Structure formats: structure tokens, C-alpha cells
2 protein chains.
Amino acid sequence: MPITSPDPRSELSVAQALEAALGLFSTQGFRATSMRQIAAESGLSVGNLYHHFSNKEEIFERLIDQYWELVTDPRLRLNQLFAKADFPEDLEEVAGAIEEVVDAFKPYILLVYVDVIEFEGRHIHAFYEGMAGRFRDTYGERFRDRQAAGDFGEADPMVAVMVATRWFFYFYTVEKCFGVPMHFGMKPKEATQEFIRLLRYGLLPRPGGEHTQDPAGPA
Amino acid sequence: MPITSPDPRSELSVAQALEAALGLFSTQGFRATSMRQIAAESGLSVGNLYHHFSNKEEIFERLIDQYWELVTDPRLRLNQLFAKADFPEDLEEVAGAIEEVVDAFKPYILLVYVDVIEFEGRHIHAFYEGMAGRFRDTYGERFRDRQAAGDFGEADPMVAVMVATRWFFYFYTVEKCFGVPMHFGMKPKEATQEFIRLLRYGLLPRPGGEHTQDPAGPA
DNA sequence: GACTCCCAACCGAACGTTCGGTCGGTACTG
DNA sequence: CAGTACCGACCGAACGTTCGGTTGGGAGTC
């Protein structure tokens with residue numbers, strides 16, 4: 001908490017610099033982006049950039065922090081779905097919410113790969129390492145109860161929710177960030193429906209009743 | 001095919017340069033790697049590098065081509081499994097073969113992300129765009145026959161084989177290339193078994209008999 | 001209100017270094 | 001002696017960062 005309220009000019013400049021740097025880092029990489037480019041793109045001077053940031057890497061780190069804050073925001077639809085823990089009934093909603101996230105945070109997602117290549121993943125290690133634990137905290141109790149009630153089959157629901165989340169994230173990243181739309185040879189929405197069917201029912205035929213072609217059809 | 005057999009010195013130098021460049025590009029990125037670094041690492045001179053390659057980008061392109069050749073080599077165990085088209089019975093073998101590929105081609109895999117960031121994915125577009133078609137060519141006929149025979153349930157086997165392949169590839173890439181082992185909170189082998197179970201049987205309980213905890217157990 | 005003072009915000013030329021790429025030359029091979 | 005392989009000094013441009021200097025609005029004083 002600052003004693004005096006900060007100069008609004010400063011906040012604006014920092015925001016402009018970060019926005020410009022995000023666009024450049026995510027499309028060129030860290031080393032390939034120069035401070036002069038960031039300055040030109042943000043409308044600031046090189047000197048001013050160094051007034052607000054101690055060096056180029058600090059700008060990158062601020063962007064990673066910003067991404068983390070954005071993606072953990074409880075107001076995000078995806079995080080509200082996690083909080084309700086209605087997996088796997090809410091798979092359609094989760095898939096849609098992840099598509100939203102990838103759309104909204106495209107350049108930040110690319111920063112992750114910049115980090116992996118140019119910083120050996122130094123800045124994003126914590127995220128991946130903590131992932132399993134966060135899913136356990138969110139879904140662990142609920143899944144135990146439901147498993148006891150016979151809601152699940154042989155597959156581990158904890159693995160399933162992680163696979164589903166990471167897979168949708170990866171799929172939409174390739175679609176939207178790697179610039180290869182339709183890489184499954186079908187519309188993303190169609191592919192998503194198939195992914196969900198696969199996750200719920202698996203590939204092998206179900207020993208019970210006949211082929212019910214689509215459970216979403218009219219009863 | 002060259003008219004005259006090439007000078008063996010030349011071939012050796014090119015191979016050394018490519019090997020050095022692969023290590024550097026994959027751990028630093030393209031722009032962050034200098035021709036002087038490649039020269040020092042390969043034991044060649046800068047002038048000699050430019051004798052064998054017209055510029056830095058050509059070295060990168062040669063590496064991408066090399067990756068494509070390696071990964072499409074029919075002698076590769078993974079490609080032999082694809083040729084047999086025994087999905088989904090061979091899921092365990094496929095998963096193991098993909099782990100092998102990721103292990104063997106780690107630095108090349110990272111080049112893909114370098115390409116996405118620093119070249120807008122220009123050099124790897126063809127791979128992703130042709131993916132669905134290649135799977136169709138390999139598995140299409142076989143799956144049609146088996147689907148008619150009732151071997152599959154509601155999920156599309158073509159989507160399933162693509163999901164399985166890409167998922168294993170992605171999972172092992174994060175494990176081995178992003179430097180985040182155990183990111184699912186369990187050993188990769190255990191995780192793989194769970195993935196396979198999920199792909200085969202799905203998450204929901206099967207309407208037939210009781211909970212058979214593990215179909216691999218004694219009959 | 002007029003004045004001074006102060007300091008964060010801001011600028012851009014300049015520094016030493018490194019970059020991708022060139023080129024004139026030497027060494028070796030056939 | 002022709003031709004390929006190879007070398008490293010060299011070029012101009014661009015790099016990250018520094019630094020001396022300008023500016024403008026708020027606090028303090030009368």
C-alpha cells in the first residue's frame with residue numbers, strides 16, 4: 001500500500017509498455033524483441049522504459065505475473081466452474097470456458113512457450129508443479145464421495161479431470177495460437193463434442209444395451 | 001543426388017554444425033543463438049559456416065527437415081505400430097513408442113515451439129495441417145470395418161486415435177522437454193495406465209456387470 | 001495568489017558490445 | 001593449377017543499458 005497515491009501517468013505508461021511488450025514477446029520471442037521496439041510500439045521513450053523497469057527481463061516477468069493473476073481470477077467463468085466441481089456433468093461448459101480463456105489470453109499463452117525456450121521454463125515451473133495439487137484441493141473430497149456412491153467406472157476421475165482440462169487447453173492453443181485451425185480435420189465444436197463423448201464413455205462398446213448412437217438425442 | 005560424390009569433410013562439417021545449432025536453438029531460441037556460438041560449439045569458423053549454409057535461417061530449416069525425416073522414418077517403432085493399425089488394442093505399445101520418440105527427439109520437439117514463436121509456425125504448418133489426413137489414410141478403412149463389426153462404442157475411433165497420439169506426445173513433452181517431471185502428481189507410467197483406461201472405458205460407470213476394478217487382473 | 005523548490009516522469013544521444021554477414025586470403029586435394 | 005574447404009579480420013547495423021538534461025505539477029512559504 002503506497003503512502004502517497006501513485007502518479008496516474010506512471011500507471012498508464014507501465015500499462016502501455018506491458019501491452020506492447022506482450023504483443024512483441026509473444027510473436028517474436030524475448031531475445032528477438034528490442035527495447036526500442038517496445039518503446040516505439042508503446043509510444044514511450046527508451047529512457048522512460050528504464051525508468052519504470054530495471055531491465056528487459058523484468059518486463060517479461062511482470063507479464064508472467066499478470067498472466068497468473070488473470071488466469072486465477074475467481075471471476076473467470078472457468079474458475080467458477082472449477083469451484084462448483086460438477087465434473088464430468090459440466091464438461092461441455094468447461095470446454096467452452098477453456099476456449100474463452102485461450103481466446104482471451106492468446107498472447108500470454110505463447111509467453112509460456114517463450115519461457116520454456118528462452119528461460120528453460122524458469123518462470124512457469126511453479127504453475128505446472130502445483131497443478132496436480134490444485135486439482136486435488138478442488139475436486140478431491142467431492143470425487144471420493146461420488147466414487148463411493150458408484151458414480152464413476154474404472155477410470156480415476158482425478159486423472160480424468162486433469163486430462164480433460166489440459167487437453168482442451170492444448171487443443172485450443174494449437175487451434176488458435178499456433179495458427180493451425182481445423183487441425184483435427186473438423187470444426188473445433190464438433191471435435192470438442194467427440195472429445196467429451198470419448199471422455200465419458202470411452203472407445204470400447206458398452207456391455208449393456210444396444211448402440212445408443214447419441215445420448216443427447218430425444219428420449 | 002549429387003553428380004560427384006561429396007567431399008567427406010564437407011558432410012562432416014555440415015553434420016557438426018547442425019548438431020551444434022540444434023542444441024543451441026532448442027535451448028535458447030533462434031534469435032538468441034548467434035552464428036559465433038554455433039561456430040564455437042561445432043568447432044568450425046564463422047566463414048566456414050557461411051560456406052555451407054547461405055544464412056542462419058537455412059540452418060534452422062535444415063534442422064526442421066531433418067526432424068521431419070527422422071519422425072517419419074518407417075523403421076521407427078511408432079511408425080511400425082501405426083502401419084499395423086491395431087488401435088486401440090496396442091495403446092500400451094503406442095504410449096511406450098511415443099515416450100521413446102519424445103526422449104529421442106527432445107531438442108527437435110522444442111524446435112517446433114521455436115518455430116511457432118519466432119516464425120509464426122511457418123515451417124511446421126504442413127505437419128499439423130496434414131495430420132488428420134494421414135490418420136485417415138492409415139486407419140480409415142480398418143476403422144470402418146471394425147465399426148461395422150460392432151468393435152467400438154459411441155465414440156469416434158478416428159478422433160480417439162488422434163487424441164491418444166497427440167495427448168501422449170504432449171504429456172511426455174511437458175514431462176521431458178518442459179522440465180516438469182511428475183506434473184500429474186504421479187509417475188509417468190502410472191499416469192499413462194490411467195490415460196489408457198480412460199480412453200478405453202471412459203469415466204462413467206459401465207451399465208453392464210459390477211465394478212471390475214482392473215480388467216488386467218487374473219480372470 | 002505568487003513564488004520557489006523538488007522530484008518523479010520523461011527524453012534521446014551515446015557507450016561498449018555483439019550481431020549477421022562478407023571477403024580476401026591460405027591449405028589441401030585431385 | 002583448378003576448385004573446394006576453410007579461416008578470421010572486418011563491416012555497418014543494432015543491441016541493452018546508461019546518463020545528463022528537460023519538464024511539469026504539487027508542497028511549502030510568504
Side-chain angles (χ1 to χ4, degrees), chain A residues 1-25 27-64 114-115 117-119 122-123, chain B residues 1-25 27-64 114-115 117-119 122-123:
Chain A
M1 206 62 69
I3 307 297
T4 63
S5 72
D7 192 326
R9 283 180 303 164
S10 177
E11 280 184 291
L12 182 64
S13 294
V14 168
Q16 284 170 333
L18 288 174
E19 189 188 336
L22 175 61
L24 291 162
F25 286 155
T27 54
Q28 306 185 134
F30 178 78
R31 249 318 208 74
T33 298
S34 71
M35 291 298 270
R36 284 166 184 76
Q37 278 183 297
I38 299 172
E41 203 73 24
S42 62
L44 308 189
S45 66
V46 172
N48 200 7
L49 280 181
Y50 279 93
H51 178 70
H52 293 295
F53 305 94
S54 62
N55 53 40
K56 194 165 75 155
E57 192 167 336
E58 189 182 300
I59 300 180
F60 185 78
E61 285 162 357
R62 288 281 294 271
L63 286 170
I64 296 279
V114 172
D115 188 54
I117 294 293
E118 302 195 52
F119 297 99
R122 201 183 310 149
H123 303 98
Chain B
M1 207 64 70
I3 307 296
T4 62
S5 74
D7 191 325
R9 283 181 302 163
S10 178
E11 279 185 291
L12 182 63
S13 293
V14 168
Q16 284 171 332
L18 288 175
E19 188 188 335
L22 175 60
L24 291 163
F25 286 155
T27 53
Q28 305 185 134
F30 178 79
R31 269 292 285 278
T33 298
S34 70
M35 292 297 272
R36 282 161 185 76
Q37 278 183 298
I38 298 172
E41 202 73 24
S42 63
L44 308 188
S45 67
V46 173
N48 200 7
L49 280 181
Y50 279 95
H51 178 69
H52 293 294
F53 304 94
S54 63
N55 52 40
K56 193 165 77 156
E57 191 167 336
E58 189 183 300
I59 301 181
F60 184 78
E61 284 162 358
R62 288 280 293 272
L63 286 170
I64 296 278
V114 172
D115 188 54
I117 295 293
E118 303 195 53
F119 297 99
R122 200 183 309 146
H123 304 97

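Keep in mind it's a predicted model, so treat the numbers as computed, not measured. Proteins get letters first, then strands, A, B, ... in listed order; numbering begins at 1 in each.
- Expressed to the nearest 0.5 Å, how far CD1 of Ile59(B) lies from CZ of Phe53(B) amounts to 5.0 Å.
- Between the CD atom of Gln28(B) and the C1' atom of dT18(C) there is a distance of 14 Å, given to the nearest Å.
- For the OP1/OP2 pair of dC19(C) and a distance below 4.0 Å, the side-chain nitrogens and oxygens of Ser34(B) include at least one atom meeting the criterion.
- Across the protein-nucleic acid pair, Gln16(A) atom CD and dC11(C) atom C1' stand 15 Å apart, rounded to whole Å.
- In Glu19(B), the CD atom is not crowded: 12 or fewer heavy atoms of neighbouring residues, nucleotides or ligands sit closer than 6.0 Å.
- Map Val46(A) and Gly47(B) each onto its nearest nucleotide of DNA chain C; the residue landing nearer the 5' end is Val46(A).
- Atoms CD1 and CG, on Ile38(A) and Leu22(A) in that order, are 10.5 Å from each other to the nearest 0.5 Å.
- Between Arg31(A) and Gln28(B), the closest side-chain pair of non-hydrogen atoms is not below 4.5 Å.
- Close to dC6(D), at under 4.0 Å from its OP1 or OP2, lies a side-chain N or O of Ser13(B).
- Taking the ring-ring contact (aromatic ring centres under 6.0 Å, His included) definition, one finds that Phe119(B) meets it with Phe30(B), Phe60(B), His123(B), sequence neighbours left out.
- Straight-line distance from the CD1 atom of Ile59(A) to the C1' atom of dC15(D): 14 Å, rounded to whole Å.
- Distance NE2 (His52(B)) to C1' (dC7(D)): 12 Å, rounded to an integer number of Å.
- Sorted by residue number, the members of residues 35-45 of chain B with any non-hydrogen atom under 4.0 Å from DNA chain D read Arg36(B), Leu44(B), Ser45(B).
- Of the possible polar contacts, one joining the Asn55(A) side chain to the Glu58(A) backbone as a donor-acceptor pair under 3.5 Å is found.
- The distance from atom CG of Leu49(B) to atom P of dG8(D) is 12 Å, rounded to the nearest whole Å.
- Computed from coordinates, the Asn48(A) CG to dA9(C) P distance equals 9 Å when rounded to whole Å.
- Judged by closest nucleotide on DNA chain D, Ala32(A) is the one of Ser54(A) and Ala32(A) placed further toward the 5' end.
- Rounding to whole angstrom units, NE2 of residue His51(A) and P of dG21(D) are separated by 18 Å.
- In this entry the distance linking CG of Asn55(B) with C1' of dC19(C) reads 14 Å, nearest Å.
- Residue Tyr50(B) places no side-chain N or O under 4.0 Å from the OP1 or OP2 atom of dT22(C).
- Each of dG21(C), dC10(C), dT17(D) was ranked by its minimum atom distance to the side chain of Lys56(A); first place goes to dT17(D).
- Proximity of Ile64(A) to Glu61(A): side-chain heavy atoms (C-beta onward) are nowhere separated by under 4.5 Å.
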